[in-house]
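Since the structure comes first, as structure tokens, the remarks are kept for the end.
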Number of protein chains: 2
Amino acid sequence: MQLSQQLFTKYSTGCPKVAAFCYIAAQLHDYLGYMTLLIRAEKKQQTRQALLDAALTLMADGQGFSAVSLREVTRQVGIVPAAFYRHFPDMDALGLALVEQVSSTFREAIRLVRRNELEQYGAIHASVRIFAEYVVAYRQHFLFLAREQYGGSAAVRQAINAMQRDFITDLEADLALSPRLSHLGPEDYEVLASLVVKTVFTTLPELINPHESHQPDSRSPAHQLEDKLRFILIGAKHWRGIKARTDGD
Amino acid sequence: MQLSQQLFTKYSTGCPKVAAFCYIAAQLHDYLGYMTLLIRAEKKQQTRQALLDAALTLMADGQGFSAVSLREVTRQVGIVPAAFYRHFPDMDALGLALVEQVSSTFREAIRLVRRNELEQYGAIHASVRIFAEYVVAYRQHFLFLAREQYGGSAAVRQAINAMQRDFITDLEADLALSPRLSHLGPEDYEVLASLVVKTVFTTLPELINPHESHQPDSRSPAHQLEDKLRFILIGAKHWRGIKARTDGD
DNA sequence: TTGAGAAGTGAACAAGTGTTTACCAAGATG
DNA sequence: CATCTTGGTAAACACTTGTTCACTTCTCAA
């Protein structure tokens, strides 16, 4: 590392014993934990990430993002409140960074589900299972998403909504390619995609806390989500356009 | 009113003139504005209601319930912070009272929709229209519901979830009576009811703020909700039980 | 090697918060 | 009539909050 070499060259004065000592000291220095070994840019980003994680952790106790104070976050990270401003101008800015980060893990989840769909097309069961596992693995991220989609901070809320709309648009394009749904009109795709995405979003809390909202006599949250998507897609398959309005449902 | 009658009987000593005067005085008393005319119990309840309304009003500016402070609420009502404790032990208690109140206006909305359903069965269009109008009329209530269903206060969140489950149970029983859906299993009813209720809940923000989340090129929120419910119910009609799982959707 | 720049410090600031206490005026009650 | 009850008051309490400022280190590059 750079630091160890600096130390090494700084104190090596020709004396081989001192040189050897310095070498060992430098080696030691290299393994003393991140606070001492990182170059500035890395260290800064690490602190920034620690701030983001701290915010998520504090939210996990049940409170919303807007109830998490700047000081709490810095306290959790172990820096002084003023240092916060070296990374974000605002708690809102931190919230937006959080949205960005969380939305990318959501995208990754979708990518995983899609890859599965390509292998064995149409398996809702497998898709939901993969998605549910991913949600559990990234609990905090999805908890943030679920809680703040209608939450207190207007900026965060809007950002999440924008992200959701992106997902809807993507899914819309996807659905339009399906030969099974070629009988739908362009506006039907949009509504259908919105329905699917919002159904997934509302199921997030149940997927995250299966114990909290799950009654023993009913199906598991993942199983319920499966069935819900099935209801929707069967409905789409039998959709007959504008006429269905008076079909009697 | 009770007070006027009290006054009337209290000072009516047999003399007709006094009786007449007291009657007029009592009448006058009834119309002198709420600060001076109410008996204690009524006045207390009125202040209590003012506290509840104030909380809703403060939330309408965009912040979540848990971000509304006790002092803000009392300030808005015009009483001193300490007086809050004459009505609620806690802000959480106020939140729970709010849930109760809001849930009863939701019940009223459902009652209206149901009555319409009886008149002309199966008209999703009319049902959604009635519901949407009601939502707009009681903006603040439904905003509270939409925002706090996953919001910051754990107590409020749980109360709303319990309420939602009640709705789901009711709808479940309703669906089970429909001859069009007699091919569904008992667990299917539950999932279907949950899907419908949650779809309605997630659409609340769009119904409340049509301008905020509505893109000009797509259908109106109410129209979208109609179509979503139609997708779901058509799916239910063509549901073929457990076999549908491998039907290829 | 020196100097600029930036992450983090520590103390101070004016607000705002929830809660408690003693007190008052007025309705309810005997 | 006097007495108790109670909704509301005023002031104080011990905190916490966001933001600022001058400061110390320590990096990195010239």
Side-chain angles (χ1 to χ4, degrees), chain A residues 1-7 9-11 13 29-30 32 34-51 54-55 58 63-95 152-153, chain B residues 1-7 9-11 26 29 32-51 54-55 58 63-95 152-153:
Chain A
M1 294 285 171
Q2 296 190 0
L3 178 62
S4 60
Q5 289 182 351
Q6 279 189 5
L7 276 175
T9 54
K10 191 174 184 180
Y11 295 103
T13 53
H29 202 166
D30 279 358
L32 269 186
Y34 90 104
M35 269 313 216
T36 61
L37 91 141
L38 291 173
I39 64 173
R40 205 149 54 189
E42 286 176 357
K43 190 173 168 185
K44 171 161 187 178
Q45 202 191 330
Q46 198 136 349
T47 308
R48 186 188 138 102
Q49 187 58 48
L51 286 169
L58 290 169
Q63 51 186 340
F65 172 74
S66 54
V68 175
S69 73
L70 183 152
R71 283 180 113 103
E72 273 181 306
V73 174
T74 59
R75 207 179 302 140
Q76 170 108 3
V77 171
I79 61 177
V80 93
F84 179 90
Y85 297 99
R86 304 287 182 199
H87 303 273
F88 303 100
D90 224 44
M91 273 297 282
D92 263 342
L94 187 148
S153 162
Chain B
M1 296 284 174
Q2 296 187 0
L3 178 61
S4 59
Q5 288 181 351
Q6 278 187 5
L7 278 175
T9 53
K10 191 172 180 179
Y11 295 104
H29 202 167
L32 267 186
Y34 90 104
M35 270 314 215
T36 59
L37 88 137
L38 292 173
I39 63 172
R40 248 220 295 249
E42 283 176 0
K43 190 174 171 186
K44 172 162 188 179
Q45 202 191 330
Q46 197 135 349
T47 308
R48 187 188 138 101
Q49 187 57 47
L51 286 168
L58 289 170
Q63 52 187 339
F65 173 74
S66 54
V68 175
S69 73
L70 184 151
R71 284 179 112 103
E72 273 180 307
V73 174
T74 58
R75 207 179 302 138
Q76 170 107 5
V77 172
I79 60 177
V80 93
F84 178 91
Y85 297 99
R86 304 286 183 200
H87 301 273
F88 303 100
D90 223 42
M91 274 297 280
D92 263 342
L94 186 148
S153 161

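Worth knowing before you read on, the calculation uses all heavy atoms, side chains too, and leaves out hydrogens, waters and symmetry mates. Numbered from 1 within each chain, the chains take letters A, B, ... in sequence-line order.
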Residue-phosphate contact under 4.0 Å: Thr47(B) side-chain N/O, dG7(D) OP1/OP2: no
Euclidean distance, atom CD of residue Gln46(A) to atom C1' of dA7(C) [Å, nearest integer]: 14 Å
Length of the CZ-C1' vector between Arg48(A) and dA6(C), whole Å: 16 Å
Residue met sooner reading DNA chain C from 5', once Ser69(B) and His87(A) are mapped to nucleotides: His87(A)
Ala82(B), nearest nucleotide to its side chain (from dT20(C), dG8(C), dG8(D)): dT20(C)
Spacing of Met91(A) atom CE and Ser69(A) atom OG [to the nearest 0.5 Å]: 7.0 Å
For atom CG of Leu70(B) and atom P of dT16(D), their distance in whole Å: 18 Å
Side-chain-base donor-acceptor pair under 3.5 Å for Arg71(B) and dG16(C): no
Spacing of NE2 belonging to His87(B) relative to CD belonging to Gln45(B), to within rounding of 0.5 Å: 11.0 Å
Interatomic distance, Met91(B) CE vs dG16(C) P [rounded to whole Å]: 17 Å
Whole angstrom value for the distance that separates C1' of dA6(C) from CD1 of Ile79(A): 14 Å
Whole angstrom value for the distance that separates C1' of dA22(C) from CZ of Arg86(B): 11 Å
Sugar-phosphate only, base, or nothing, as touched by Gln45(A) at under 4.0 Å among non-hydrogen atoms: nothing
Phosphate-side-chain proximity, Arg75(A) and dT17(D), N/O vs OP1/OP2 below 4.0 Å: yes
Gln63(B) side-chain N/O to Leu58(B) backbone N/O, donor-acceptor pair under 3.5 Å: yes
Protein-nucleotide distance (Glu72(B), atom CD; dT17(D), atom P), rounded to Å: 16 Å
Min side-chain heavy-atom separation Leu94(A)-Leu70(A) under 4.5 Å: no
base_contact_polar (dG7(D) base, Arg40(B) side chain, donor-acceptor, <3.5 Å): no
Flag side-chain contact, heavy atom, 4.5 Å: Glu72(A) against Arg75(A): yes
Touch class at under 4.0 angstrom, heavy-atom based, for Tyr85(A) against every strand present: base
Val80(B), nearest nucleotide to its side chain (from dT19(D), dT9(D), dT17(C)): dT9(D)
Atom-to-atom span, CZ of Phe88(A) to P of dG18(D) - whole angstrom: 15 Å
